[in-house]
Protein chains: 2
Amino acid sequence: MARRNDHSREQLQDMALLASESIISRDGIAGLSTRKVASEIGYSAGTLYQVFNNFDDLILQLNSRTLSRLQSQLKQAKQPSAIATVISYGHTYLKFAQQQPELWHLLFEHRAANPDHKPEHLLTNIDSLFDLVKQELLGLKPLATDTDVTVAAHSLWCGVHGIAVLMLKNKLLNNSQHSAQQALDCLLNNFIQGWINQGENHA
Amino acid sequence: MARRNDHSREQLQDMALLASESIISRDGIAGLSTRKVASEIGYSAGTLYQVFNNFDDLILQLNSRTLSRLQSQLKQAKQPSAIATVISYGHTYLKFAQQQPELWHLLFEHRAANPDHKPEHLLTNIDSLFDLVKQELLGLKPLATDTDVTVAAHSLWCGVHGIAVLMLKNKLLNNSQHSAQQALDCLLNNFIQGWINQGENHA
DNA sequence: AATAGTAATTGAACGGCGTTTAATTGGCAA
DNA sequence: TTGCCAATTAAACGCCGTTCAATTACTATT
């Protein structure tokens, strides 16, 4: 066979990414392979290389999609007050990780063999996630310097991320979902309290 | 060849684990393979299966070693005061992750295809790590319930872990080591402050 | 309408992987 | 010395990502 013109390049790419997501949620990350994706969309493995540079590129584009979804969910989690918003962000992040653990975990596997051209949009998206938190932390302590707020946002969000990571590993006690929620609230409460108090001291 | 009796079972196992660590720090986690380990110790791949159930078992034993090293470093980081100890633990943990990133990262890759028999000693070791933190947090707030201290220890340590994770991904700004240190201190300070303050409120 | 050219698609191949197993053969006990 | 046992190996199996020559459907030109 050759040149079937059944699907445009964009269609092919979309079908492949969709199939990949389906395979991942069915068989896990380890179950994803070029051959499986290809057969699922009715093409041979080689054809994928017209749409993706390689397997890592496919994963990169998967991650880009996942990040976009996460981003939109976070934006919808905005609340009236700053404290409520930060807490809501945390819960949303944790829920996202719980509901699509494989796709979420794929975001942080370092498969990048060729770090030639960093995936700009990915990093941009991540930065914009941090910015969401930054704004709320600034709202809690308006007199803080931009550096302080940046560091605090990174710090807090890495903490939230860490809870999600270890929760998914079942290495957080046994009854994972409940204790993860508890740990998250504990982290958020203590951090926010510390953040506000130090603001009162310094500013 | 057969029955060379060059090495005992234990020697073989030790040689394999040592070679694996060397390969990982040279070629990364992705560069580790049974064939490579075998050839590095002068045996064929099949021989490894007399000492390990499978590849995951090898990794499990690698992780056990890594955890032991981490544990001993943390124990040495103990300081006179509780606050200083918690901070010192955090720095030690971050330094450990920085100095042997691949082995440390391997601790948290979920390759376990067969979750039949959980690696008990691994979980035991992890729990004992949390216990170290718990003791210090209890020292900071003696009237807290055991549940509260447990949740707080999990929460704080997951936060520290999250900073280490994202630091290693270079997704924490660009100048990783410096900003990771900053973020860690920020997290520790704010959390500890929050933990102490809420103690004064409640107890 | 016929033809030539282009490019999409494929199947086979390559080297690598974890794992299994029949065959081999050193070491040990009788 | 013989015979058994078990450690070791090479080959094979079915996967994997990736490449590439060959095929052939489409397109533009005549």
Side-chain angles (χ1 to χ4, degrees), chain A residues 1-17 19-20 23-24 26-63 102 106 109-116, chain B residues 1-17 19-20 22-24 26-63 102 106 109-117:
Chain A
M1 271 169 257
R3 173 96 73 130
R4 322 192 306 211
N5 261 12
D6 286 349
H7 305 97
S8 72
R9 234 175 255 249
E10 287 189 354
Q11 280 177 322
L12 245 174
Q13 181 162 333
D14 235 50
M15 291 162 58
L17 290 174
S20 297
I23 293 172
I24 283 182
R26 187 184 353 109
D27 306 336
I29 294 177
L32 184 69
S33 74
T34 55
R35 284 174 165 88
K36 221 186 270 185
V37 172
S39 96
E40 197 126 326
I41 65 175
Y43 281 83
S44 85
T47 300
L48 292 178
Y49 287 80
Q50 283 222 328
V51 172
F52 305 103
N53 296 330
N54 45 45
F55 194 61
D56 282 345
D57 185 32
L58 186 153
I59 289 181
L60 221 64
Q61 299 196 29
L62 274 180
N63 283 342
E102 304 285 352
L106 191 57
E109 299 244 294
H110 60 246
R111 302 180 131 282
N114 290 359
D116 303 335
Chain B
M1 272 168 253
R3 175 91 75 127
R4 323 194 305 212
N5 262 13
D6 286 349
H7 305 97
S8 73
R9 235 175 253 251
E10 288 189 354
Q11 280 176 321
L12 243 175
Q13 181 162 332
D14 236 51
M15 289 161 60
L17 290 174
S20 298
S22 147
I23 291 172
I24 283 182
R26 190 190 343 114
D27 306 334
I29 294 177
L32 184 69
S33 75
T34 55
R35 286 173 163 87
K36 220 187 269 186
V37 172
S39 95
E40 196 126 324
I41 66 176
Y43 281 83
S44 84
T47 301
L48 291 179
Y49 287 79
Q50 284 221 326
V51 171
F52 305 105
N53 297 330
N54 45 47
F55 194 62
D56 282 345
D57 184 33
L58 186 153
I59 289 179
L60 222 64
Q61 300 197 28
L62 273 180
N63 284 342
E102 305 284 352
L106 191 57
E109 300 244 294
H110 60 246
R111 302 179 131 282
N114 290 359
D116 304 334
H117 57 74

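Every chain is numbered from 1, with letters handed out A, B, ... down the list of sequences.
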In whole angstroms, the gap separating C1' of D:dG17 from CD1 of A:Ile23 amounts to 15 Å
I'd like a table of atom pairs between the protein and nucleotides 1-5 of chain D - only N or O on both sides, under 3.5 Å - with the distance next to each one.
from: D:dC5; atom 1: O2; to: B:Arg3; atom 2: NH2; distance (Å): 3.2

Set out, line by line, the N/O atom pairs under 3.5 Å between protein and nucleotides 15-19 of chain C.
from: C:dC17; atom 1: OP1; to: B:Ser33; atom 2: OG; distance (Å): 2.9
from: C:dG18; atom 1: OP1; to: B:Thr34; atom 2: N; distance (Å): 3.1
from: C:dG18; atom 1: OP2; to: B:Thr34; atom 2: N; distance (Å): 2.9
from: C:dG18; atom 1: OP2; to: B:Thr34; atom 2: OG1; distance (Å): 2.6
from: C:dG18; atom 1: N7; to: B:Arg35; atom 2: NH1; distance (Å): 2.5
from: C:dG18; atom 1: O6; to: B:Arg35; atom 2: NH2; distance (Å): 2.8
from: C:dT19; atom 1: OP2; to: B:Tyr49; atom 2: OH; distance (Å): 2.6
from: C:dT19; atom 1: OP2; to: B:Phe55; atom 2: N; distance (Å): 2.7
from: C:dT19; atom 1: O5'; to: B:Tyr49; atom 2: OH; distance (Å): 3.0

Looking only at heavy atoms, the pair that brings A:Leu62 and A:Ser20 closest together is CD1-CB, 3.8 Å
Taken to the nearest whole Å, CD/B:Gln50 to P/D:dA7 is 5 Å
* Heavy-atom side-chain proximity of B:Lys36 to B:Asp27 below 4.5 angstrom -> yes
Residues passing the side chain to side chain contact (heavy atoms under 4.5 Å, CB included) test with B:Asp14, sequence neighbours excluded, are B:Arg65
From CG of A:Leu12 across to C1' of C:dA7 the rounded distance in Å is 14 Å
Does B:Arg4 make a side-chain N or O approach to OP1 or OP2 of D:dA6 shorter than 4.0 Å? no
Rounded to whole Å, the CG-P distance (A:Asp6 to D:dT24) equals 16 Å
Rounded to whole Å, CG of B:Asn5 lies from C1' of C:dC28 at a distance of 10 Å
The side-chain hydrogen bond (donor to acceptor under 3.5 Å, both in side chains) partners of B:Gln13 (sequence neighbours excluded) come to B:Gln61
Hits for salt bridge (Lys or Arg N to Asp or Glu O under 4.0 Å) against A:Arg26, two or more places apart or cross-chain, chain-then-number order -> A:Glu40
Rounded to whole Å, CG of B:Leu48 lies from C1' of C:dT20 at a distance of 14 Å
B:Tyr43 OH to D:dA6 P, in whole Å, measures 18 Å
Sorted by chain and number, sequence neighbours left out, side chain to side chain contact (heavy atoms under 4.5 Å, CB included) with B:Asn5 holds for B:Arg3
When every non-hydrogen atom of A:Asn54 is compared with those of A:Asp57, the smallest separation belongs to OD1-N, 2.9 Å
Could you pull out all donor-acceptor pairs under 3.5 Å where a side-chain atom in residues 41-52 of chain A meets a protein atom, sequence neighbours excluded?
from: A:Tyr43; atom 1: OH; to: A:Arg4; atom 2: NH2; distance (Å): 3.3
from: A:Tyr43; atom 1: OH; to: A:His7; atom 2: ND1; distance (Å): 2.9

Smallest heavy-atom separation, B:Leu58 atom then B:Leu17 atom, equals O-CD2, 3.9 Å
Rounded to whole Å, the CZ-P distance (B:Phe52 to C:dT20) equals 15 Å
